Amino acid sequence: MKDNIKLLDCTLRDGAYVVDGNFGTPAIKGIIKKMQDANVDIIECGWLKNEAHKTGTSFYHVPEDIIPYLPEKNEDVTYVVMIDWDRYNLDYLPECDGKSIDAIRVVFPYGKDKEGIEVGKKIKKKGYQVFFQAANTLAYSEEDLLKLAKEINEVHPISLSVVDTFGAMYEDDLDRIIDVLDQNLDQDIMLGFHSHNNQQLSFALSMHFVNRLLKSGRHVIVDASLCGMGRGAGNATTELAANFLNRKYHCNYDMNVIMDAIDIYMEYFQENYSWGYSIPYFIAGMYCCHVNNISYLLKNHRTNAKDMYHIVNALTPEQRKRYDYDLLEQKYIENQNRVVDDEETLDILRKTFKGRKILLIAPGKSVVTEQKKVKDYIRKHNPVVIGVNAIHPSYQYDYLFLISSARYY
């Protein structure tokens with residue numbers, strides 16, 4: 001059964017979103033070596049970019065840049081990188097010489113399948129194996145899938161991968177897609193699955209994908225990353241996928257080596273960066289929403305879950321798949337106005353504050369060390385005293401100003 005299944009580790013590629021590619025030379029070399037020693041079939045070493053390669057990153061300019069990070073190549077392993085269909089100039093790409101990568105994965109968005117496949121054709125002519133990634137496959141209708149299968153058959157790549165870009169799929173969604181593709185793709189083209197864990201279904205869907213397709217005789221590729229490292233909610237985990245394939249399909253991935261890779265290389269990233277399931281990314285999955293929208297709301301407004309739910313809901317389905325920060329800011333303001341009509345309250349405050357001094361007491365050391373001066377000022381001037389984001393027991397406040405509703409509760 002092992003010959004029918006390929007495990008692809010995408011830690012250095014999808015995890016690059018988390019660290020902006022800056023894994024460091026020891027981690028890049030070490031992860032590739034450990035995955036090779038663990039018998040992982042396909043190792044994704046990172047991205048090809050138009051910019052010059054910076055040592056210690058998994059963003060490369062040309063395949064030659066990857067050579068210093070590679071151990072002695074194992075002929076049983078396929079070494080790949082990814083390109084965005086429209087973000088890498090193929091004029092930079094030399095003919096394949098077999099010294100670095102073996103294959104290139106081309107990812108293209110919904111509606112750009114023809115253009116993405118044309119890019120793959122050019123790469124194939126240069127001697128590289130080609131893997132295609134159909135981003136946001138959930139958006140494809142049955143008619144779209146039939147058209148995609150026909151286009152892929154004409155190029156005959158190594159594989160086509162279903163991509164749950166927004167982590168929004170359920171089993172029936174995946175079944176609908178793979179039923180059409182499995183019936184219409186040439187039998188010797190592998191089907192792959194790249195999942196995201198917005199609804200904590202990444203591993204479950206990966207298992208379902210394997211179980212369904214192996215019954216039909218189709219060869220499959222499962223994407224995973226160490227500790228699920230990846231943008232936003234992350235991916236299926238290499239350790240879980242490898243253990244499942246070992247136990248259920250008699251594969252021979254070395255779990256000791258995979259655990260070593262996690263202990264040696266991943267603990268640092270887990271301690272210093274964040275990814276994985278969270279309520280904000282669950283909301284992204286609910287609405288098929290681009291993770292950059294979620295990141296913006298978290299970073300700029302520390303938006304709570306309920307407000308984020310309403311803001312994303314206010315976007316159209318097409319707007320959710322993109323990210324327009326001016327539009328998000330507009331929706332944020334509209335949501336705040338929806339939550340509270342405070343014009344009457346503001347009128348009361350204007351009358352209360354009129355002609356009086358305002359004293360803001362914010363968190364900080366001076367609230368304690370200068371307490372006598374502050375209280376003397378209050379007795380002398382009788383200001384309106386407003387506590388900002390904290391309540392110190394030594395003071396009496398007229399009002400509180402809290403930047404987050406969580407502080408209020």
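Keep in mind that the numbers below use all heavy atoms, side chains included, and drop hydrogens, waters and symmetry copies. Here the structure is a predicted model, which means the values were calculated and not measured.
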Q: Would one find more than 12 heavy atoms of other residues, nucleotides or ligands at under 6.0 Å from atom OH of Y399?
A: yes
Q: Give a yes or no on this: more than 12 heavy atoms of other residues, nucleotides or ligands lie within 6.0 Å of atom CD of Q396.
A: no
Q: Return the set of residues passing side-chain contact (heavy atoms from CB on, under 4.5 Å) with V62 (not counting sequence neighbours), or none when no residue passes.
A: E64, D65, Y88, Y92
Q: With a 3.5 Å cut-off and sequence neighbours excluded, list the donor-acceptor pairs that the side chains of residues 112-133 form with protein atoms.
A:
residue	atom	partner	partner atom	Å
D113	OD2	K147	NZ	2.9
E118	OE2	K121	NZ	2.9
K124	NZ	V155	O	2.6
K124	NZ	H156	O	2.8
K126	NZ	L90	O	2.8
K126	NZ	L93	O	2.5
Y128	OH	P94	O	2.8
Q133	OE1	R105	NH1	3.0
Q133	OE1	S161	OG	2.9

Q: For Y296, which residues count as a ring-ring contact (aromatic ring centres under 6.0 Å, His included) partner, sequence neighbours excluded?
A: Y325
Q: Please name all residues satisfying side-chain contact (heavy atoms from CB on, under 4.5 Å) with K150, sequence neighbours left out, ordered by chain then number.
A: E154
Q: Hey, can you tell me if Y332 and H301 have their rings parallel, tilted or perpendicular (30° and 60° cut-offs)?
A: parallel
Q: Please, which pairs that meet side-chain hydrogen bond (donor to acceptor under 3.5 Å, both in side chains) have at least one residue in residues 237-247, sequence neighbours excluded?
A: D9-T238
Q: Give every residue pair that meets the ring pair (Phe, Tyr, Trp, His ring centres under 6.0 Å) criterion with at least one member in residues 256-276, sequence neighbours excluded.
A: F23-F269
Q: Applying salt bridge (charged side-chain N to carboxylate O under 4.0 Å, His left out), name anything that partners D175, two or more places apart in sequence or on another chain.
A: R212
Q: Under the salt bridge (charged side-chain N to carboxylate O under 4.0 Å, His left out) test, which residues partner R87, sequence neighbours left out?
A: D84
Q: State which residues pass salt bridge (charged side-chain N to carboxylate O under 4.0 Å, His left out) with K354; sequence neighbours excluded, sorted by chain then number.
A: none
Q: Can you list everything that forms a side chain to side chain donor-acceptor pair (under 3.5 Å) with S58? Sequence neighbours excluded, please.
A: none
Q: Could you tell me which residues satisfy salt bridge (charged side-chain N to carboxylate O under 4.0 Å, His left out) with K321, sequence neighbours excluded, listed by chain and number?
A: E318
Q: Say whether D14 and N235, considering side chains only, have a donor N or O and an acceptor N or O under 3.5 Å apart.
A: yes
Q: For F209, what residues pass the ring-ring contact (aromatic ring centres under 6.0 Å, His included) criterion, not counting sequence neighbours?
A: F193
